[in-house]
Number of protein chains: 2
Amino acid sequence: MADDAREKWLAEAKRRMRSAGMRSGQSRTAVMELLARDGRCLMSAQDVVDAMSARGASSRASVYRVLDTLHELGMLHRIDSGDGVARFEIADPDEHHHHAVNEATGEITTFTDPVLEASIKAIAARLGLELTSHDVILRGTPAR
Amino acid sequence: MADDAREKWLAEAKRRMRSAGMRSGQSRTAVMELLARDGRCLMSAQDVVDAMSARGASSRASVYRVLDTLHELGMLHRIDSGDGVARFEIADPDEHHHHAVNEATGEITTFTDPVLEASIKAIAARLGLELTSHDVILRGTPAR
DNA sequence: GCAATAATGAGATTGGATCTTGTTATTGTC
DNA sequence: GACAATAACAAGATCCAATCTCATTATTGC
């Protein structure tokens, strides 16, 4: 993701927090800035906890709280990859993607697909569902 | 799912276990029969543990082992619904479906869609991935 | 600057899942 | 059918992500 998109994300996250009547404590600020500056794709909460404690700030409880808050505010995607660890990534409104897991290496790649998105929209309409979110996860091994 | 499909599943599960060189201990047998006879859609491991201990059999460890084994043999789907609890359901080779979560009620419905499946196949091919499994989860609220 | 109160930190706690170890049961062989 | 080899099991300890508690600290409107 481009640097300016990250800064935009940070500004938007702060704006939404403020307009939700939330104060800007040091943990919230620090976690948001970490995610905006150094956030990798699919960080686990523990990754964030480690990164924060490496710079001597933010307790585990706070990190979990902030991640949860950002998720509720729609600023983070939460992906449950199946290993019992929730992973987060910045929600860039300009880029909607899904994930494919290489089961041989554990490597995760992202992809986008308009046909897939269209069919998901059609399914939701058929089910009478106002879609709030959706996940698609592919798992497989490299084809020979 | 029809009763005969369940019996077919049970027979196939036993066959695969046997051909994988595994013995048919009482825990394996009991868990498989429970799943085949009374298995609901999306049972958690704990649900199975409770059901087994209600009939005075199978330790928690055994239940987890058997579920894991059945999953590895391709006889169970494992769905991580995002609440930290893995859920399982019988893998009926004749019926491949996905899940939609009603976020207002927590209710889970299933759906199938050929267009969706086709696009997923196409994506996997594009990524050079030999697909072993894939999940699609929709979340939303009932449209007014 | 002050008071109200939201946010935080540290550690305890929860709960799903896994691991360990001694025991039991299954299976091929005789 | 009995026996030995060994796979499978049971019970409980343990692990670890996530949540909760509550006293302390920091932020914000006034």
Side-chain angles (χ1 to χ4, degrees), chain A residues 13-35 42-73 75-89, chain B residues 13-35 42-73 75-89:
Chain A
K14 287 182 175 173
R15 195 193 63 73
R16 290 196 193 180
M17 276 219 173
R18 170 156 287 278
S19 70
M22 293 170 168
R23 297 178 180 178
S24 65
Q26 62 173 332
S27 273
R28 282 178 183 164
T29 306
V31 169
M32 283 191 289
E33 293 189 345
L34 172 78
L35 289 171
L42 294 174
M43 286 184 93
S44 71
Q46 191 58 49
D47 289 338
V48 180
V49 170
D50 291 345
M52 293 309 299
S53 65
R55 32 187 100 177
S58 294
S59 67
R60 173 173 45 254
S62 294
V63 169
Y64 276 93
R65 269 190 300 246
V66 176
L67 291 176
D68 201 47
T69 301
L70 288 170
H71 179 232
E72 277 173 17
L73 291 174
M75 297 305 297
L76 285 181
H77 286 138
R78 180 192 166 118
I79 297 100
D80 295 279
S81 43
D83 57 356
V85 183
R87 288 165 195 284
F88 297 85
E89 69 181 16
Chain B
K14 286 181 176 174
R15 196 193 64 72
R16 289 198 193 179
M17 275 218 175
R18 171 157 286 278
S19 71
M22 293 170 169
R23 298 179 180 177
S24 64
Q26 61 173 337
S27 273
R28 280 178 183 164
T29 305
V31 170
M32 282 191 288
E33 293 189 345
L34 172 78
L35 289 172
L42 294 174
M43 286 183 94
S44 71
Q46 192 58 48
D47 289 339
V48 181
V49 170
D50 291 345
M52 294 309 297
S53 64
R55 31 187 101 177
S58 294
S59 67
R60 175 175 40 256
S62 295
V63 170
Y64 276 94
R65 265 190 303 249
V66 176
L67 291 176
D68 201 46
T69 301
L70 288 170
H71 180 232
E72 276 173 16
L73 291 174
M75 296 306 297
L76 285 182
H77 286 138
R78 181 191 165 120
I79 297 100
D80 295 278
S81 43
D83 57 357
V85 183
R87 289 165 194 283
F88 298 85
E89 68 181 15

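In what follows, chains are A, B, ... by sequence order, proteins preceding strands, each numbered from 1.
Proximity of A:S27 to the phosphate of C:dG9: a side-chain N or O atom is located under 4.0 Å from OP1 or OP2. B:S59 has a side-chain polar atom (N or O) that falls below the 4.0 Å cut-off from OP1 or OP2 of D:dA10.
Applying the side chain to side chain contact (heavy atoms under 4.5 Å, CB included) rule to A:R16 yields the partners A:E12, A:L73, A:M75; only residues at least two apart in sequence or on another chain are considered. Legend: residues meeting side chain to side chain donor-acceptor pair (under 3.5 Å) with A:S59, ordered by chain and number and at least two apart, are A:S62.
Note: A:L34 CG to A:M52 CE = 6.0 Å, rounded to the nearest 0.5 Å.
Over its length, the helix from C:dG1-D:dC30 to C:dC30-D:dG1 turns its helix axis by 40°, as judged from the five terminal pairs at each end, rounded to 10°.
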Reading 5' to 3' through nucleotides 25-30 of chain C, protein heavy-atom contacts under 4.0 Å coded B for base, S for sugar-phosphate only, - for none
BBS---

Would you give a per-nucleotide map of nucleotides 15-20 of chain C, 5' to 3', where B means the base has a protein non-hydrogen atom under 4.0 Å away, S means only the sugar-phosphate does, and - means neither?
-SBBB-

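Within the structure, salt bridge (charged side-chain N to carboxylate O under 4.0 Å, His left out) contacts touching residues 52-72 of chain A (residues at least two apart or in different chains) are A:D38-A:R55.
Going from atom CG of A:D47 over to atom C1' of D:dC16 covers 14 Å, rounded to whole Å. In this structure, A:K14 atom NZ and C:dA7 atom C1' are separated by 16 Å, rounded to whole Å. Atom-to-atom, CZ of A:R28 to C1' of D:dT25 comes out at 14 Å; the value is rounded to the nearest Å.
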Would you be so kind as to tabulate the donor-acceptor pairs closer than 3.5 Å made by side chains of residues 21-33 of chain B, with sequence neighbours excluded?
from, atom 1, to, atom 2, distance (Å)
B:S27, OG, B:S58, OG, 3.0
B:R28, NH1, B:R23, O, 3.0
B:T29, OG1, B:G25, O, 2.8

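The heavy-atom pair separating A:L42 from A:R87 by the smallest distance is O-NH1, 3.6 Å. The minimum heavy-atom distance linking A:H71 with A:L76 is given by the pair CD2-O, 3.2 Å. Here the shortest heavy-atom pairing between A:V63 and A:A45 reads CG1-O, 4.0 Å.
Residues A:L35 and A:M43 form a side-chain contact, since some pair of their non-hydrogen atoms from C-beta on lies under 4.5 Å apart.
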